[in-house]
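Positions are given from 1 along the sequence.
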Amino acid sequence: MIIFSTVFKILNKLKGNLILYTVILLAITLFNTTSGNMNHYEATKPDILIVNKDQNNEITKGFVSYLKEQAILKDIDINDQEKVDDALFYRDISYVVYIPENFGGDLVNDKNPTIEYKSNGNENASFTQMLIEKYIKTVNLYKEHYQGKALNQKVKQVINQKTKVNLNTSLDSSKLNQVNVYFNFLNYALLAGGVYCMTMILASLNQEGVRKRTIMSSFSYRKYNWIVFASLGLASFIVWLSYMIISFILFKEIMLSGNGIAYILNSFVFSIWRWLLRSVFFVAL
């Protein structure tokens with residue numbers, strides 16, 4: 001009991017640090033509440049450059065028109081390769097499409113034309129690559145039944161079809177986002193605040209005078225280590241439980257759902273890992 005009481009006396013002196021991290025945690029959660037949340041998806045248009053050597057073909061015209069609708073076409077001198085490379089390097093464009101001669105004719109005649117490209121490798125470049133592959137696959141699907149302008153119209157009709165998604169949930173999505181912010185930052189609070197407190201406790205117990213008195217006492221060293229180990233575990237549990245109580249006060253409805261239980265288990269496992277890591281370090285000393 002003496003060791004337990006000593007550990008919690010030290011923890012009590014360090015409560016200011018825990019309160020500070022708790023205030024920061026609540027402030028960030030509150031800020032997220034008042035700043036609004038994005039609950040919808042909106043596709044961004046990538047910046048691209050098209051080098052077209054097949055301008056008179058109807059299929060190619062439809063392909064270029066499709067890319068212009070789905071992306072932002074930049075005005076860069078395609079004959080100056082250095083400018084094109086600089087635009088890619090400085091992220092002015094994400095993707096350069098090189099459409100070869102007879103591309104449209106080769107595509108409908110099963111000659112599998114190859115489109116060369118340059119990209120900066122970011123997510124917009126990947127999205128542009130996906131757009132190109134989608135268009136070519138759609139043309140290959142309908143080219144046996146349509147030709148020329150009719151094929152372009154059919155491909156455009158299919159590609160432009162939109163799917164409406166309705167989200168049916170009993171949970172408030174804005175509240176769920178706030179819970180996500182709370183528990184994301186909670187890991188930092190547990191790591192920074194908790195580790196600081198545990199480190200200071202261990203540092204106090206390992207002071208030369210305290211350590212000598214412990215060695216000279218009737219306690220076996222193994223028993224002493226186990227008591228310290230359990231004390232740190234109890235302290236970590238109390239800190240974790242305090243944050244869980246706060247989460248229930250703020251987000252009672254969500255914390256009682258499956259999502260809330262998952263958050264609780266995740267933070268509990270993280271607390272155990274932190275406790276074990278620090279305790280093993282203490283024993284090693």
> Is the count of non-hydrogen atoms from other residues, nucleotides or ligands lying under 6.0 Å from Gln147 atom CD greater than 12?
Replying inline: no
> Side-chain heavy atoms under 4.5 angstrom apart, residues restricted to Ile, Leu, Val, Met, Phe, Trp, Tyr: same cluster for Ile72 and Leu131?
Replying inline: no
Could you tell me whether the side chain of [Y] reaches within less than 4.5 Å of the side chain of [X], counting heavy atoms only?
| X | Y | answer |
| --- | --- | --- |
| Ile48 | Ile93 | no |
| Ile261 | Met255 | no |
| Leu49 | Val84 | yes |
| Leu73 | Leu67 | no |
| Ile115 | Tyr98 | no |
| Leu88 | Val96 | yes |

Donor-acceptor pair, [X] side chain versus [Y] backbone, under 3.5 Å?
| X | Y | result |
| --- | --- | --- |
| Asp92 | Asp86 | no |
| Ser247 | Met244 | yes |
| Lys45 | Glu69 | yes |
| Asp47 | Lys74 | no |
| Asn57 | Thr60 | yes |
| Ser267 | Tyr263 | yes |
| Asp54 | Gly104 | yes |

> Looking at Asp110, Asn109, Thr138, which one forms a side chain to side chain donor-acceptor pair (under 3.5 Å) with Lys143?
Replying inline: Asp110
> Which atoms form the tightest heavy-atom contact between Lys53 and Glu101, and what is the distance?
Replying inline: O-CG, 3.4 Å
>> Can you give me the closest heavy-atom contact between Ala125 and Ser119, atom names plus distance?
In response: CB-CB, 3.6 Å
Spacing of [atom1] belonging to [X] relative to [atom2] belonging to [Y], to within rounding of 0.5 Å:
| X | Y | atom1 | atom2 | answer |
| --- | --- | --- | --- | --- |
| Asn120 | Arg91 | CG | CZ | 4.5 Å |
| Asn112 | Ile136 | CG | CD1 | 9.5 Å |
| Asn102 | Asn56 | CG | CG | 10.5 Å |
| Leu151 | Lys156 | CG | NZ | 13.5 Å |
| Lys154 | Leu141 | NZ | CG | 9.5 Å |

> Passes side chain to side chain donor-acceptor pair (under 3.5 Å), Gln157 versus Gln153? Steps please.
Replying inline: CA-CA 6 Å; Gln157 177 187 353; Gln153 292 174 356; over 6 Å; no
> Under the ring-ring contact (aromatic ring centres under 6.0 Å, His included) rule, what pairs show up with a residue in residues 47-95, not counting sequence neighbours?
Replying inline: Phe63-Phe103, Phe63-Tyr135, Tyr66-Tyr135, Tyr95-Tyr117
> Stepwise, does the side-chain contact (heavy atoms from CB on, under 4.5 Å) test hold for Val64 with Ile99?
Replying inline: CA-CA 9 Å; Val64 173; Ile99 302 177; 3.7 Å; yes
> Is the Phe237-Trp240 ring centre distance short of 6.0 angstrom?
Replying inline: yes
